[in-house]
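Scroll down for the structure; my scribbles are underneath it.
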2 protein chains.
Amino acid sequence: MRADAKKNYDHLLAVARAVVKEQGADASLRDIARQADVGLGTLYRHFPTREALLEALLRTTLDEMTAQAADLEASNAPDDALVTWLREAVAFTHQYRGVTELMTAALDDPESALHASCVTVRAAGARLLARAQAEGKARSDIDGTELFALIAALAWLSDQPAFGRHAPRLFEIVASAILPDRPDTEGRTPRRPKTRS
Amino acid sequence: MRADAKKNYDHLLAVARAVVKEQGADASLRDIARQADVGLGTLYRHFPTREALLEALLRTTLDEMTAQAADLEASNAPDDALVTWLREAVAFTHQYRGVTELMTAALDDPESALHASCVTVRAAGARLLARAQAEGKARSDIDGTELFALIAALAWLSDQPAFGRHAPRLFEIVASAILPDRPDTEGRTPRRPKTRS
DNA sequence: ACCTGAACACCGTTCAAGT
DNA sequence: ACCTGAACACCGTTCAAGT
């Protein structure tokens, strides 16, 4: 890659990161090019699709998540490792609003630039899940895709302003379904009376 | 309303129903007006916002869901009533792809034309939930909004092509979190070996 | 009262023309 | 080899002009 091209690529990526962080994964590509002071065609040359742009944006983070799964597998009890990783996965996705939809679609589309990353993440989760299942800590009737789905659902919920406030409890509810006999992380505070919903 | 206006209104609604069923809740309004052989301004006159259009579209179905909740409350065991209603709620939303996002946003926005309907549905669910909680059948640390959130999450998952195949099991997993001691509905089939995820 | 469609400000995507 | 921006086909939304 030529030096000027490399410069454009890097700058484009930095701007895109900021814009996507602020406006979500469906931010205007035109706007990104504009803010990067670059022709619209230049953006398309470096990132032929929106998925390609997000793949570049997410690659390092997704790799970190895979690495962290390996770490947790080596150093933690199977159930703790899984729960910690799930929490991390949801939190990560929450950085970039709307990325969940994209990753979910990419998982189903081998042509997507994001496909490989998503498959890798699913595999990392599936390993942690299998280990917990082998020790009887996790429900045995779940597979890696379903674990991915539950993470995606929790991430989606966290992105909705109506539910953001409830995200921690919703996480606990779903986690308790995956790992039935795990005590709640938070100190099981008694709930406000149920008159208001 | 004048007779010609009424005719336009009805026809617009019928066309919109078909288009939204096919293309989802973010279907082009222009396209709907075009297919209804009506000026774009006419659509906006009758339905000043997309939410208003969907409110008209969903009103009868949402009312039916509220009514069904009352029926179930009168004639079924608390836990069965709740599970049946949850299943129904997810299935309904699944008819119109993308409606979940809209309803979730409306729940948080009192100005939305869909707000009242969503609040009513939440209340209907909350009643069924409270009854099941009173008999110790449902987790006590969940409120109506969280029940709504879990329904929304399941509906969202069902809309994703990658997860559609897993929707029944994902429903069972979440349902088991809400109603911990309920036996699975399906005959707990042994799972395929976990080599493929 | 109600309807129409042009007008405006946006998109995503492509591609001929430039350096 | 890379960059640019006009061109095209779409949007949602508004509003003057018509009946």
Side-chain angles (χ1 to χ4, degrees), chain A residues 1-57 96-99 101-102 105-106 109 111-114, chain B residues 1-57 96-99 101-102 105-106 109 111-114:
Chain A
M1 186 149 53
R2 242 164 52 178
D4 54 344
K6 163 89 172 141
K7 207 185 108 192
N8 275 336
Y9 180 96
D10 291 341
H11 186 220
L12 224 22
L13 206 52
V15 170
R17 170 159 281 121
V19 172
V20 169
K21 223 158 204 161
E22 196 185 341
Q23 314 204 11
D26 55 349
S28 157
L29 298 179
R30 231 191 192 84
D31 199 37
I32 292 173
R34 217 149 31 201
Q35 287 201 36
D37 267 311
V38 142
L40 187 47
T42 304
L43 188 152
Y44 273 93
R45 158 171 277 264
H46 288 300
F47 309 104
T49 65
R50 174 173 242 111
E51 282 74 29
L53 177 57
L54 269 112
E55 199 275 335
L57 221 56
Y96 304 95
R97 180 165 31 98
V99 107
E101 266 99 337
L102 236 53
D109 172 20
E111 301 306 311
S112 166
L114 263 169
Chain B
M1 186 149 55
R2 241 163 54 179
D4 54 343
K6 164 88 172 140
K7 204 185 111 192
N8 274 336
Y9 180 95
D10 291 341
H11 186 219
L12 225 21
L13 206 53
V15 170
R17 170 159 280 124
V19 172
V20 168
K21 222 159 205 161
E22 195 185 342
Q23 314 203 13
D26 55 349
S28 158
L29 298 180
R30 232 192 190 80
D31 201 35
I32 292 173
R34 220 152 28 207
Q35 288 201 38
D37 266 311
V38 141
L40 187 46
T42 304
L43 189 152
Y44 272 92
R45 156 171 278 265
H46 287 300
F47 309 104
T49 66
R50 175 173 242 112
E51 282 75 27
L53 177 58
L54 269 112
E55 199 274 336
L57 221 56
Y96 303 95
R97 180 165 30 97
V99 108
E101 267 97 339
L102 236 52
D109 172 19
E111 301 306 310
S112 167
L114 262 168

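No hydrogens, no waters, no symmetry mates; every other heavy atom, side chains included, goes into these values. A note on names: the letters A, B, ... follow the listed sequences, proteins ahead of strands, and every chain is numbered from 1.
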Partners passing side-chain hydrogen bond (donor to acceptor under 3.5 Å, both in side chains) against A:Lys7 (at least two apart in sequence or in another chain): none
Specify the separation, in whole Å, of atom CG of B:Asp4 and atom C1' of C:dA1. 8 Å
Under the ring-ring contact (aromatic ring centres under 6.0 Å, His included) test, residues paired with A:Tyr9 that sit two or more places apart: A:His46, A:Phe47
Using a heavy-atom cut-off of under 4.0 Å over every strand shown, decide if A:Arg45 touches base, sugar-phosphate, or nothing. base
If a pair means Watson-Crick or G-U wobble with both distances below 3.5 Å, what does DNA chain C look like in dot-bracket form, with | marking bases paired to a different strand? ||.|||||...|||||.||
With respect to the phosphate group of C:dC2, does any side-chain polar atom (N or O) of B:Asn8 fall under 4.0 Å of OP1 or OP2? no
Quick test of your reading: applying salt bridge (Lys or Arg N to Asp or Glu O under 4.0 Å), list the pairs with at least one residue in residues 27-38 of chain B, sequence neighbours left out, ordered by first then second residue. B:Asp31-B:Arg34
Under the side-chain hydrogen bond (donor to acceptor under 3.5 Å, both in side chains) test, residues paired with B:Asp109 that sit two or more places apart: none
Residues within residues 12-35 of chain A bordering DNA chain C, heavy-atom distance below 4.0 Å: A:Ala27, A:Ser28, A:Leu29, A:Arg30, A:Arg34
Name every donor-acceptor pair, under 3.5 Å, that has one atom in a side chain of residues 48-56 of chain A and the other anywhere in the protein, sequence neighbours excluded.
residue: A:Thr49; atom: OG1; partner: A:Glu51; partner atom: N; Å: 3.4
residue: A:Thr49; atom: OG1; partner: A:Ala52; partner atom: N; Å: 3.0
residue: A:Arg50; atom: NE; partner: A:Ala25; partner atom: O; Å: 2.9
residue: A:Arg50; atom: NH2; partner: A:Asp26; partner atom: O; Å: 3.4
residue: A:Arg50; atom: NH2; partner: A:Ala27; partner atom: O; Å: 2.1
residue: A:Glu55; atom: OE2; partner: A:Arg59; partner atom: NE; Å: 3.3
residue: A:Glu55; atom: OE2; partner: A:Arg59; partner atom: NH2; Å: 2.6
residue: A:Glu55; atom: OE2; partner: A:Ser117; partner atom: OG; Å: 3.4

Between protein and nucleotides 14-19 of chain C, map the contacts as a letter string: B base, S sugar-phosphate only, - none, heavy atoms under 4.0 Å, written 5' to 3'. BB----
Smallest heavy-atom separation, A:Glu101 atom then B:Glu101 atom, equals OE2-OE2, 3.1 Å
Test: ring-ring contact (aromatic ring centres under 6.0 Å, His included). Region: residues 15-38 of chain B. Which pairs qualify, not counting sequence neighbours? none
Partners meeting salt bridge (Lys or Arg N to Asp or Glu O under 4.0 Å) with A:Lys21 (sequence neighbours left out): none
